[in-house]
Amino acid sequence: MATERRGEIHDIGYQRYEGPREGRRRALIALWIDGMRTALGLGRGTKAKILPLLLIASAILPAAILVIIASINGGPPAPGTPPNHALYDSIVLMLVLLFSAIIAPELLCADRRSQVLQLYLVRPLSPADYLAGRWLAFLTIVLALVYFGQSVLFIGLTLNAEEPLTYVRENWLDVPRFLVAGAIVSVFATTIPLAVAGFASRRAYAAAFVIGLIFISSAVANPLAICTERQTHMEDNVVVLDRCEPVTGESAKWIGLLDLTNVPKHLNDKILGQVVPSDVALQVAELPDAVPITWYLVLTVGPALLVLRRYQRIA
């Protein structure tokens with residue numbers, strides 16, 4: 001005789017949500033926090049944390065090395081001579097750009113690959129809100145790293161001074177300067193990789209494209225802006241370039257703008273008041289200030305608007 005099957009109904013205690021509905025602001029905060037966790041590899045395996053840890057080390061190690069150099073030299077250098085905040089800025093810029101190219105695309109590509117983007121874009125979140133949350137998440141991480149490294153350098157130089165209080169009183173303006181310079185670097189390093197990721201199907205493609213842009217732009221601009229004839233003199237044991245005759249003549253000023261790794265640096269050299277000499281930087285420095293500023297805005301605002309337009313179409 002066949003055994004009868006009996007169905008059972010269980011009361012699992014489902015209840016409607018009766019709590020506060022916090023709306024758009026709370027959704028943005030949640031997206032921001034989730035983006036930072038994703039970028040840092042939190043909540044995932046060990047492999048996901050390796051690259052973020054390398055990014056942290058790459059931002060801190062140069063500052064520590066510059067402090068050690070200052071200590072070996074007997075204290076902080078003379079104004080305008082290395083090791084200084086401009087030198088740290090130029091070192092960390094390349095490192096941050098490379099690691100941002102690898103890590104940042106995970107914030108956008110993973111959501112599209114998992115097909116959860118439409119779940120984010122229901123009310124109250126809009127495409128602009130979604131992109132802003134992801135952008136702010138990675139910007140927060142890069143800002144924290146750059147500011148921490150600059151702070152380590154400033155504190156180290158202060159402690160190496162014979163009169164720390166005197167050093168702070170004479171150099172306190174370096175703090176707001178490197179804060180502004182750090183923001184310029186961080187916005188650039190965050191926007192470009194995320195904008196590319198908005199059009200790439202996979203994170204690896206986005207990372208490869210950004211890294212390719214970085215190296216190709218540098219490989220094209222630097223040889224064309226290099227000095228074939230130069231005249232220098234020594235000033236406070238530092239070589240100062242007085243005259244440079246580039247291989248491309250007057251065009252070198254504009255060709256130097258093509259090097260993506262130097263786009264934020266042109267602005268930061270003016271802000272920090274401490275130029276790290278290079279043939280490209282010296283050529284672009286001869287242009288009016290409005291030119292590198294406008295070029296920086298084109299390369300940050302332009303890609304941001306393009307990726308926003310793309311996500312509005314997806315929605």
Side-chain angles (χ1 to χ4, degrees), residues 39 51-52 54-55 58-59 62 89-110 112-113 131 134-135 137-139 141-143 145-146 181-226 246-248 251-269 276 278-281 283-284 287 291-311:
L51 281 176
L54 289 175
L55 173 60
S58 69
D89 186 79
S90 64
I91 294 172
V92 81
L93 173 59
M94 173 62 84
L95 297 172
V96 168
L97 277 174
L98 290 176
F99 280 102
S100 297
I102 298 171
I103 298 174
E106 180 67 24
L107 297 180
L108 297 185
C109 294
R112 292 204 312 276
R113 186 173 64 251
L131 291 173
R134 292 309 201 195
W135 183 82
F138 197 75
L139 178 68
I141 294 171
V142 179
L143 274 175
L145 291 174
V146 175
I184 289 173
V185 169
S186 301
V187 168
F188 188 81
T190 300
T191 304
I192 299 296
L194 284 179
V196 172
F199 292 89
S201 58
R202 291 185 178 275
R203 183 184 68 176
Y205 298 160
F209 185 83
V210 175
I211 293 174
L213 277 180
I214 292 171
F215 283 104
I216 291 173
S217 66
S218 181
V220 169
N222 281 280
L224 295 177
I226 196 170
V247 65
T248 52
S251 301
K253 301 175 184 178
W254 301 95
I255 293 174
L257 293 172
L258 298 177
D259 187 355
L260 291 181
T261 60
N262 278 304
V263 172
K265 182 180 179 300
H266 299 316
L267 276 64
N268 289 349
D269 284 347
V276 179
S278 71
D279 291 349
V280 170
Q283 296 303 321
V284 176
L287 293 171
V291 174
I293 293 173
T294 303
W295 184 232
Y296 174 87
L297 293 175
V298 168
L299 292 179
T300 49
V301 178
L305 293 176
L306 287 175
V307 74
L308 174 59
R309 177 59 179 165
R310 170 169 168 74
Y311 272 71

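Both backbone and side-chain heavy atoms feed into the values below; hydrogens, waters and symmetry mates do not. Just so it is clear, the model here is predicted, and its values are computed rather than measured.
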- Message: Can you confirm whether Val196 sits close enough to Tyr205 that some side-chain heavy atom of one is under 4.5 Å from a side-chain heavy atom of the other?
- Response: no
- Do other residues, nucleotides or ligands put more than 12 heavy atoms under 6.0 Å from the OH atom of Tyr296? yes
- Item | Leu108 to Leu131 - nearest heavy-atom pair and separation | CD2-CD2, 4.1 Å
- Message: Looking only at the side chains, is there a donor atom on one of Trp135 and Thr191 sitting less than 3.5 Å from an acceptor on the other?
- Response: yes
- Message: Can you give me the closest heavy-atom contact between Ala197 and Ala206, atom names plus distance?
- Response: CA-CB, 3.9 Å
- Item | Test side chain to side chain contact (heavy atoms under 4.5 Å, CB included) applied to Met94 and Ile214, step by step | CA-CA 9 Å; Met94 173 62 84; Ile214 292 171; 4.0 Å; yes
- Item | Separation between CZ of Phe188 and OG1 of Thr261, rounded to the nearest 0.5 Å | 8.5 Å
- Message: Under the criterion side chain to side chain contact (heavy atoms under 4.5 Å, CB included), I'd like the reasoning laid out for Val263 against Leu257: C-alpha separation, chi angles, the key distance, then a yes or no.
- Response: CA-CA 7 Å; Val263 172; Leu257 293 172; over 6 Å; no
- Item | Minimum heavy-atom distance between Ala104 and Pro193, given as atom pair plus value | CB-CB, 3.9 Å
- Message: What verdict does the side chain to side chain contact (heavy atoms under 4.5 Å, CB included) test give for Val96 and Ser100, after you've listed the backbone C-alpha separation in whole Å, the side-chain angles of each residue and the deciding distance to 0.1 Å?
- Response: CA-CA 6 Å; Val96 168; Ser100 297; 3.7 Å; yes
- For Ser218, enumerate each residue passing the side chain to side chain donor-acceptor pair (under 3.5 Å) test, keeping only those at least two apart in sequence or located in another chain. Asn222
- Task: Check whether more than 12 heavy atoms from other residues, nucleotides or ligands sit under 6.0 Å from atom CZ of Arg113, and answer yes or no.
- Result: yes
- How far apart are the closest heavy atoms of Leu143 and Ser186, and which atoms are they? CD2-OG, 3.5 Å
- Shortest non-hydrogen contact from Ala101 to Ile211? CB-CG1, 3.9 Å
- Query: With Arg203, which residues qualify under salt bridge (Lys or Arg N to Asp or Glu O under 4.0 Å), at least two apart?
  - Reply: Glu106
- Full working for side chain to side chain contact (heavy atoms under 4.5 Å, CB included) between Asp89 and Val185: CA-CA 8 Å; Asp89 186 79; Val185 169; 3.5 Å; yes
- So, for Pro223 and Ala219, which heavy atoms are closest and what is the spacing to 0.1 Å? CD-O, 2.9 Å
- Note on the structure: So CG of Leu258 and CH2 of Trp295: to nearest 0.5 Å the spacing works out to 6.5 Å
